[in-house]
Amino acid sequence: MKDEVGRQIDYLRVSITDRCNLRCFYCMPEDGVQTKDCQEILRYEELYRIIKAATELGIDKVRLTGGEPLVRKGVLDFIERIKALGIKDLSLTTNGTLLPKYAADLKAAGLDRVNISLDTLQAEKFAEISRAKLPLSQVLLGIKEARLAGLEPLKLNVVLIKGINDEEIEDFAKLTYDNQLSVRFIELMPLGESYDWAQDRYISIFEIKERLRKLAALNPVNKPQGNGPAKYYRLAGAKGKLGFISFISDHFCSNCNRVRLTADGFVKPCLHADSEHNLKEVLRTGANDAELKEALEMAILAKPEQGLSQEAKTNLELNQRQMSQIGG
Ligand code: SAM
Ligand code: SF4
């Protein structure tokens, strides 16, 4: 379906939990966020009804996220059920720690591909960033298992933070020489945990590209990559691609094709605006499928034309949700 300004909305990101087995310092407080009561979180049956309504409105790309989506029990059965709704591209964003256990089963259940978030290739730094007892080797094994299972094209998402992992930009980029994967550099957003200090630790995509050009020529990849926010390049001679996602320095609002559903049942038509539409209430006050679909349609139609307007910036300050509660 099209929104009010004619953008084709065909992508839904669904956060299926606000819990996580890591505590990345820029995303979650060390003690974890105040997680919602179980009753506040949508049940699988409720998520299923919303996703079904979304597919009827023309959404054919769905990404599961969290918190960490693989910590929620029953995720394999849920994936199998929603894939049967005819979703063309069913993907999942994960920190990778549970992929050694689940990669093959995820593929068998119908998941098409995964994006894995990994901000460092150094074991000690991984412990510092993630503040968890799980080792980096578990994520690296997860990446290997995901590739063996055929959860491809595989994307690695790296959030860059000055003074923390910026010295590894070249090491990440070099992974694309021999591996057919995309390494995507993401600008840090001032949201939730990082709100107070993100500006001081911010590195622009422009700066990253300048550094990478010292490694080799950086050639734009012209093939269309869908309506996602990443712009793709390839280092001369590399098998894989480099993606750049600049929420801050390069707005892509006019091409935005997505809406988000939080684990507690709110549609967020724009990540950078505070407006939310309570679908849980619609569901739990007995709406039938047609009414639910209408409520979702209204939320999509309310997608703002631009996210980072002055009004939205003010809203960002007011935004009460952490990134782990929105799903990235
Ligand atoms: N736990 C899963 C994971 O880490 O991939 C899924 C949820 S996590 C919130 C989704 C993505 O949001 C991760 O790639 C994470 O690095 C990113 N993220 C979290 N806080 C961010 C911020 N302030 N700026 C940019 N990206 C952020
Ligand atoms: Fe968890 Fe992902 Fe946030 Fe890290 S970025 S704390 S893995 S939700």
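Computed from a predicted model, the values in this text were never measured in an experiment. Order of listing sets the numbers, starting from 1, for every ligand and every atom in it.
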Against heavy atoms of [X], which atoms of ligand 1 measure under 4.0 Å?
X	result
Gly67	1 (N), 2 (C), 6 (C), 7 (C)
Thr65	6 (C), 7 (C)
Met189	22 (C), 23 (N), 24 (N), 25 (C)
Thr93	2 (C), 5 (O), 6 (C)
Glu187	25 (C)

Side chain, backbone, both or neither: Thr94 near ligand 1, heavy atoms under 4.0 Å: backbone
Please classify the Val159 to ligand 1 contact at 4.0 Å (heavy-atom distances, strictly less than): side chain, backbone, both or neither. side chain
Main-chain N/O of Ile300 paired to Asp3 side chain as donor or acceptor, under 3.5 Å: no
Leu70 backbone acceptor or donor facing Glu68 side chain under 3.5 Å: yes
Ligand-side contact atoms (ligand 2) for residue partner Cys24, heavy atom cut-off under 4.0 Å: 4 (Fe), 5 (S), 6 (S), 7 (S)
Pairing donors with acceptors under 3.5 angstrom, does anything connect the side chains of Arg234 and Thr176? no
Side-chain H-bond candidate by donor/acceptor type, Arg184 with Asn157, under 3.5 Å: yes
Please confirm whether Phe244 and Tyr233 have ring centers closer than 6.0 angstrom. yes
Geometric cation-pi criterion, [X] with [Y]: 6.0 Å, 45°:
X	Y	value
Lys241	Tyr232	yes
Arg81	Tyr48	yes
Arg72	Tyr44	yes

The closest protein heavy-atom partner of atom 5 (S) of ligand 2 is Cys27 SG, 3.7 Å
To the nearest 0.1 Å, how far is atom 2 (Fe) of ligand 2 from its closest protein heavy atom, and which atom is that? Cys20 SG, 4.5 Å
Ignoring hydrogens, just give me the one of Gly96, Ser117, Ser194 whose non-hydrogen atom is nearest atom 13 (C) of ligand 1. Ser117
